[in-house]
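First up is the structure itself, then whatever we jot down about it.
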There are 2 protein chains.
Amino acid sequence: MTAAGVQRSLPQPAGFSARGTAFVENSYQGYNPGRALRPSAKVLPEHARTHNRSLVLQTLYRSGQLSRADIARSTGLTRVTVSDLVGEFISEGLIVETGQSEDIRPGKPATLLEINPSAFQIVGIDLSDSSQFRGALLDIDGNIIERREVELSGSTGTEATAKVVKLADELVELSTSPLLGIGVGSPGIVDLNGVVLSAPNLGWTNLDLQAQLISHFGVPVIVGNDANAAVLAEHSFGQAHGDMMLIKLGHGVGAGLLLDGVPLYGSRFAAGEIGHVVVGTHGGLPCVCGKAGCLETWLSVPRLDAALKAADEAGIAKAEVLSDAGTHLGIALAAIVGALNLSEIVLSGPTRILDGPLEEATIETLRSRTMAEFHGNLTLRKTTLGEDIVMRGAAVMVLSGQLGVS
Amino acid sequence: MTAAGVQRSLPQPAGFSARGTAFVENSYQGYNPGRALRPSAKVLPEHARTHNRSLVLQTLYRSGQLSRADIARSTGLTRVTVSDLVGEFISEGLIVETGQSEDIRPGKPATLLEINPSAFQIVGIDLSDSSQFRGALLDIDGNIIERREVELSGSTGTEATAKVVKLADELVELSTSPLLGIGVGSPGIVDLNGVVLSAPNLGWTNLDLQAQLISHFGVPVIVGNDANAAVLAEHSFGQAHGDMMLIKLGHGVGAGLLLDGVPLYGSRFAAGEIGHVVVGTHGGLPCVCGKAGCLETWLSVPRLDAALKAADEAGIAKAEVLSDAGTHLGIALAAIVGALNLSEIVLSGPTRILDGPLEEATIETLRSRTMAEFHGNLTLRKTTLGEDIVMRGAAVMVLSGQLGVS
DNA sequence: TTTGTTTGTACGCTTTACTAACAAAATGAC
DNA sequence: GTCATTTTGTTAGTAAAGCGTACAAACAAA
């Protein structure tokens, strides 16, 4: 079964094509790469409808097992309107009735609703690892059903692009439900249209990966930055709040920012690219970028591994190396935490590096270099999503972009 | 004429009270202290109407002298709808017809429209100066009509509050049109309801200044942080784009952030409070906050004046002191610029300090410590709004909050 | 059995912006 | 001068969206 076959075999009940698709076309929330909420755009009643559709779906997505009346109470919409919207969703197959409430109370028993767990599946792909591309088939709740990898073996350019397609192809073949879309978390600078403006390690420049994948698979595709995907995953599946910065330590050092629940992209789509910010004033090691003392020279995984090995050979405690790295991370973060009044920082990367001294030194440095009373309980912790974080974040991009749900 | 008198004498044509007021109640843009665009809120057709009202007004506010047909082309709404909305505004006195277009072209001549310059006036107040409160009466375009000041003379607490009321009273008396509202830019931490959570220099803690002023004057009042007000002024009246950070050097060091056109408030409403972020790793001067090397110890106006005087006496070049300060500002900003991918930084403060060496050292440090290609043409410049910046920003808060215009 | 409660639906209404059509007023070709 | 063309702004009617009211169904408790 090819991907195009999957798409053609999509059940399209009445109401689906009437609205074009079941997808969000003009939402006030969610992934929103088109920045739909900037002014200079008129709003029609049908946009309100689209918004309220997402609202109903989002409510059910987060709570699960609600009745129409529950949703009405929770959203502020009337039962009549909720019934109407839910009816649409049921005819589209996105919501199913799962029986009656068992509550012992007077009144007609409520009909419980649920998002149809087998309505759609999603393919999420993580291109951030330097040795392999990792992908997964996920259900609508973001659970991983199948995993696949493709060894990169030093491929760059078109060869690397072909491996992305190959990986996606494998996962699409595995799908047992219609595909909601494909999400891709790529390293480097990615614009809001899914064009990879620059990904040095993969040899990509102005690569319109999103358009290529759309034309190949015929399903919605969203390509975004890996750290941005990660921060979305942490927001949806972790315990994160609306103001958060996620630091991703890997081949390089990247970050994703969520401010008041909205991802930050930056004026040149390079928000979070802190790897080549110089930290410290007494020299530092030379960096591939030409400067010296960049954050990456302190914190990238290859550099840290090398430093740990050197320390081992020189008889220096590894903790000292990690602590030093954490201190420098803390110095760089202090200004950012202060400026943004962040309440939460999440670290992602190999546990052998994150555990212990590095984390402790980072938080200690942050405490001593910022105004604690402003950010109250600033928390710094490691992600609980492990190595799946980018794949699951890529799925969130699709869920959010296509259904307005996250 | 008292303020309450002004309010009572407001002309309230038909349509005004029908919609409650002419004011924005649920807008998707503008000042938006209530974060209306977060999810979990339903959208009704009437909300679309409110949005489109603001859209029409905003279009006219920015271009001036447009016909109904022009507005229709610019907004995408139909001429019919625009006529309807404009009709409302005319009956409310907010828009006036100013004659016919002189264009030589076939077709019926266009009736030109303009926002009624005398429909409303605004009071803007700046509490950020340590020696006096400054206020102004502004017209609807943000031009200053009258200025007044009240010497602070060391007043704090209730005494300082009384002086705010006194200053506002004077300005309200001077108004010759109905008052759209009063905007206040206060130092310290101010939450989204206009409660001054903390303003050490004025001795204010959890002071609900906004509510006090509303109950005293009976008109809409918006109290916000001074640096946030400044960044709004720079956005509306300066040449600033949507991604900007404004650094305000005064008694302390504060900043306002505009990201993608939206002000950032922070998880504890303390975004931009960078004064007590430690910069540099070799000690630094002790700060009132207990730490050493805070940004304020390098850049606050009193500290810099003292350092300049000391340099003068010791025969050291003043430029060296200013350059040193700029370098430290650049070090702190580098991490922020990198993380947010900012394209524009604006400095505000006494010209004797900003001119020359400080600005040059800051930009030079930023260039050498960040990845230039990511932020392309990062610009750093001084504001052109001078000492009026906070007052005019306070007016923008009112314009944006009440009319959805900026 | 009666009463009260809760759910989900049917019907009609208001609001909103749209399309279609048209009158008014100008230019320009003849 | 006359007439076609163009542009503006308005009138009339239509479709979509959500609301309020009313009501039947289904259950618990007295």
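Only this structure's heavy atoms are used, side chains among them; waters, hydrogens and symmetry mates stay out. The chains referred to below are lettered A, B, ... by the order of the sequence lines, with proteins before strands, and numbering in each begins at 1.
Checked by atom type, the side-chain pair A:Asn116/A:Ser118 shows a donor-acceptor distance below 3.5 Å. Inspection of the B:Asp70 and B:Ser67 side chains reveals an N or O donor paired with an N or O acceptor under 3.5 Å.
Between A:Ser83 and C:dG8 there is no side-chain polar atom (N or O) within less than 4.0 angstrom of OP1 or OP2.
Atom-to-atom, NZ of B:Lys108 to C1' of C:dC22 comes out at 11 Å; the value is rounded to the nearest Å. In this structure, B:Glu46 atom CD and D:dA16 atom P are separated by 20 Å, rounded to whole Å. Across the protein-nucleic acid pair, A:Leu112 atom CG and C:dT6 atom C1' stand 14 Å apart, rounded to whole Å. If you take CG of A:Asp70 and C1' of C:dG8, they are 13 Å apart, rounded to a whole angstrom.
With respect to B:Leu113, the side chain to side chain contact (heavy atoms under 4.5 Å, CB included) criterion is satisfied by exactly one of B:Ile71, B:Val96, B:Thr98: B:Ile71.
Closest to the side chain of A:Pro109, from the set C:dG8, D:dC27, D:dG9, is D:dC27.
Axis orientation changes by 10° from one end of the helix from C:dT1-D:dA30 to C:dC30-D:dG1 to the other, with each end axis drawn from 5 pairs and the value rounded to 10°.
A heavy atom closer than 4.0 Å to some atom of DNA chain C occurs in A:Arg105, A:Pro106, these being the qualifying members of residues 96-106 of chain A.
Remark: the backbone N or O of A:Ser406 is paired with a side-chain donor or acceptor of A:Ser236 at under 3.5 angstrom. With hydrogens and angles disregarded, no donor-acceptor distance shorter than 3.5 Å links the side chain of B:His235 to the backbone of B:Pro263.
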Kindly determine whether B:Val123 and B:Leu138 satisfy side chain to side chain contact (heavy atoms under 4.5 Å, CB included), including the steps that lead there.
CA-CA 6 Å; B:Val123 168; B:Leu138 302 100; over 6 Å; no
Where do B:Leu399 and B:Tyr61 land on the side chain to side chain contact (heavy atoms under 4.5 Å, CB included) test, with the steps shown first?
CA-CA 11 Å; B:Leu399 273 170; B:Tyr61 188 78; 3.2 Å; yes
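Under the rule for a side-chain contact (heavy atoms from CB on, under 4.5 Å), the partners of B:Ala233 that lie at least two apart in sequence or sit in another chain are B:Phe237, B:Leu385, B:Ile389, B:Arg392. With sequence neighbours excluded, no residue forms a side chain to side chain donor-acceptor pair (under 3.5 Å) with B:Gln210. Partners of A:Glu97 according to the salt bridge (charged side-chain N to carboxylate O under 4.0 Å, His left out) rule, which considers only residues two or more places apart in sequence or in another chain, are A:Arg68.
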Please produce a list of atom pairs where a protein N or O lies less than 3.5 Å from an N or O of nucleotides 18-22 of chain D.
from   : atom 1 : to      : atom 2 : distance (Å)
D:dG18 : OP1    : A:Asn52 : ND2    : 2.6
D:dG18 : OP2    : A:Arg49 : NH1    : 2.4
D:dC19 : OP1    : B:Lys42 : NZ     : 3.3
D:dC19 : OP2    : A:Thr78 : N      : 3.3
D:dC19 : OP2    : A:Thr78 : OG1    : 3.1
D:dC19 : OP2    : A:Thr81 : OG1    : 2.6

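Ion pairing between B:Glu88 and B:Arg49 holds under the 4.0 Å rule for side-chain N and carboxylate O.
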